[in-house]
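Here is the structure we will look at.
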Amino acid sequence: MEHINGIPLGFLFSEIGLPKHLSDMASTSTGKGPSDKEREDIYKLLEEYESELPVLQAKILLCRTLLSPVRQLPFDIMAQIFEEYMATTASRNPWTVLCQVCGSWRDIALAHAPLWLDLCVSAKPDGTVEGSMEPPEGRAAAAHAWVKRVRTCAWSLKVLGRKAHNSNAPNVDAPGNGTLLHSLLTPDAIDNLQYLHLAGSLDISGLGTVTYPGVASVVSNTTGSNLLQQGYPSLPALKKAVLPNLHGVIHRTHFPWPQLTHLYLGTQLTFEESIPIFRQSINLQRACIHYQSGDTMAIRSVDFMQTDTIPLPNLTDLTFLGNAPLGNFINYGFTWPNLENLRLWQYPTFFWSDASKRLIRSTTRLHITTLELGGSFTLFTQCIEACPNLTYLVLEPNSTTYGELFHFFTYGAGGLNLPRLQFLSVYCNLSVGYELNMDWVLEEGLAEMLASRSPGHAPYLGCAVLKRFLLRVSLGEFSDPIAIRAARVLEQFKDVMDVTLIRGNAPSVHQVPPGGLDHWDRGLGEFLDGLWTYGKD
């Protein structure tokens, strides 16, 4: 439809509702302007119509909103979209973003408990809690309202000491000026609290006066020792603990060690300081220990006189980051009779002994990473030979004689090693220019190993068929010749076995999850499990 000055042609001015003399004036052209009286009437009408315009615009907007496609989405779908937004947004206060779009979104957000399961507060050095927002109802009431939204769901609390607070931390939508942190954590408020994360300097926060009856998982990354000396929060239901900065002066009394099933110990503890913890942690199922690499001589110099046996019968999954003093655990009397999964981030060159074999004999899945150590493959074959029941093996050496290594895995000619092996992944690291591209026994050793464990030979030799073999070769000009030669060998077996060659550097270069340490159920456990999938494409 054509328009003139925004008015459609054929439009009847009489239909607008103007006074008749003004309608007639608008519909005819006399070449004269309005009189003073007419001009006065027009200004009055104009003022009246302009005052009505916002109301009309609001009515139009409301009608258009009612026809919006998003209103056709069921509430449960919108709630799922909100959850995805919360998981991926970089917003410091995503709850405010959702609640300020419209009333409908606010109602959905406030009614959907999973959006409110993670509360983060920032504590000042004086024990009060700070924040950039002051809710009209007061911070204590805001904290209570937050917990009420969670209802009966398990929720988590993260407390950041001021020294740990940074620009990336979430905005705090709870407690504030002059409000003591521990005074907000009433029994009703923490009834369903199951995850507790303490970080930064919390020396005088008063947290030691609080009992958390339902907390099953804790991350303690505090930087001061006064909190620990004054008293640590009571955690009677604790099962899983991540303790990267645990201080030796308090660890014997401030955690219910006998009931723990999952434990991470960071680099602050020495080997000797950690021994009392393991003596008490008799129900451990999974453990990850990060001893400092520089603690080598201290570990070696310990005088071992322990004669009692200390069994950990439920321990099935164990990871060592840094040093792996297996022999020292033996000397202290430990046994792990049901250990299944073992990861060694640094081969225990200085700590190995024949007695160590009884510690790991039950292991069925072994992952050895020696990216900081180079040399002959015989440096870690003792560890492999100590695990005769292995079905799954991942090797990430810094550099070694790979032809001889494959000969070691050849069943029969190389010995009767690993008769149950079904998965083998080997990382060939040649990125530093090691002259292994001149190792002409590579093809021979690789071909012999695959042939001995192939469906055509393994049953006759008395070993399991190798169901999958993955060879990962590092990138770079020194690695290219090895990759080409290995690819020719693998081509010969691709029709009878699952063999794969991948070019790329070792994925296991991080000793903690990329996002930092978190609860076992919220990142750490998944990170450790992911290391076993390293052998997958």
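Basis for what follows: all heavy atoms, side chains included, without hydrogens, waters or symmetry-related copies. All residue numbers in this chain count up from 1 along the given sequence.
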Worksheet item: Of the non-hydrogen atoms in P244 and N221, which two are nearest, and what is the gap between them?
Response: CG-OD1, 3.4 Å
Practice prompt. Identify which one of H367, R343, H290 satisfies the side-chain hydrogen bond (donor to acceptor under 3.5 Å, both in side chains) criterion when paired with T319.
Written response: R343
Worksheet entry | side chain to side chain contact (heavy atoms under 4.5 Å, CB included) between Q259 and K239, worked out | CA-CA 6 Å; Q259 66 193 42; K239 295 292 185 182; 4.3 Å; yes
Output a table of donor-acceptor pairs, distance under 3.5 Å, between side-chain atoms of residues 521-528 and any protein atom two or more places apart or on a different chain; print 'none' if there are none.
residue: D521; atom: OD1; partner: K240; partner atom: NZ; Å: 2.8
residue: D521; atom: OD2; partner: K240; partner atom: NZ; Å: 3.2
residue: R522; atom: NH1; partner: D118; partner atom: OD1; Å: 2.5
residue: R522; atom: NH1; partner: S156; partner atom: OG; Å: 3.1

Item to complete: Classify the angle between the aromatic ring planes of F320 and W336 as parallel (below 30°), tilted (30 to 60°) or perpendicular (above 60°).
Response: tilted
Worksheet entry | Sub-4.5 Å side-chain heavy-atom contact between Y195 and V219 | no
Fill in: Pairwise distance CG(L501) to CZ(R472) - rounded to 0.5 angstrom
10.0 Å
Worksheet item: Given side chains that start at C-beta, do those of I275 and R279 come closer than 4.5 Å, heavy atoms only?
Response: yes
Item to complete: For N338 and T316, indicate whether the former's side chain and the latter's backbone hold a donor-acceptor pair under 3.5 Å.
Response: no
Worksheet item: How many angstroms lie between atom CG of L342 and atom CD1 of I368, to the nearest 0.5 angstrom?
Response: 7.5 Å
Worksheet item: Distance from L471 atom CG to T500 atom OG1, nearest 0.5 Å?
Response: 10.0 Å
Discussion item. Does atom CZ (R106) have a neighbourhood of more than 12 heavy atoms from anything else shown, all under 6.0 Å?
Written reply: no
Worksheet item: Backbone N or O of C387 within a donor-acceptor pair of the T363 side chain at under 3.5 Å?
Response: no
Response to the item:
d(C288 SG, L243 CG) to nearest 0.5 Å is 11.5 Å
Worksheet entry | Pair L98-I108, side chain to side chain contact (heavy atoms under 4.5 Å, CB included): steps then yes or no | CA-CA 9 Å; L98 290 176; I108 296 173; over 6 Å; no
Worksheet item: If we only count heavy atoms from C-beta on, is the L339 to L359 side-chain gap below 4.5 Å?
Response: no
Response to the item:
Note: P337 and P313 closest approach over all heavy atoms is CG-CA, 4.1 Å
Item to complete: Let me see the working for I502 and L470 under side chain to side chain contact (heavy atoms under 4.5 Å, CB included), right down to the final yes or no.
Response: CA-CA 8 Å; I502 295 179; L470 175 64; 3.5 Å; yes
Worksheet item: Can you tell me how far CG of L393 sits from OG1 of T364, rounded to the nearest 0.5 angstrom?
Response: 11.5 Å
Worksheet entry | Positive for side-chain contact (heavy atoms from CB on, under 4.5 Å) with L284, one of L315, I277, N314 | L315
Item to complete: Mind checking salt bridge (Lys or Arg N to Asp or Glu O under 4.0 Å) for D518 and listing every partner two or more places apart, or none if nothing turns up?
Response: none
Fill in: Closest approach of Y392 to L421 (non-hydrogen atoms, all atoms of both residues)
N-CD1, 4.0 Å
Worksheet entry | Sub-4.5 Å side-chain heavy-atom contact between I360 and L366 | no
Item to complete: Check whether any side-chain heavy atom of V218 sits under 4.5 Å from a side-chain heavy atom of Y212, and report yes or no.
Response: no
Discussion item. Testing the basics here: between L344 and C383, what is the closest heavy-atom pair and its distance to 0.1 Å?
Written reply: CD1-SG, 3.6 Å
Fill in: Heavy-atom closest pair, residues E83 and P114
OE2-CB, 3.9 Å
Worksheet item: Taking all atoms of both residues into account, what is the closest heavy-atom pair of S281 and L312, and its distance?
Response: O-CD2, 3.3 Å
Practice prompt. Flag the pair Y427 / V394 as yes when at least one side-chain heavy-atom distance between them is below 4.5 Å, and no otherwise.
Written response: no
Worksheet item: Is there a side-chain contact between T261 and W520 (heavy atoms, below 4.5 Å)?
Response: no
Item to complete: For D498, enumerate each residue passing the salt bridge (Lys or Arg N to Asp or Glu O under 4.0 Å) test, keeping only those at least two apart in sequence or located in another chain.
Response: R468
Fill in: Check against side chain to side chain contact (heavy atoms under 4.5 Å, CB included), Q285 and H262
CA-CA 6 Å; Q285 299 174 12; H262 294 63; 4.1 Å; yes
Discussion item. Nearest 0.5 angstrom please: K158 NZ to L198 CG, how far?
Written reply: 10.5 Å
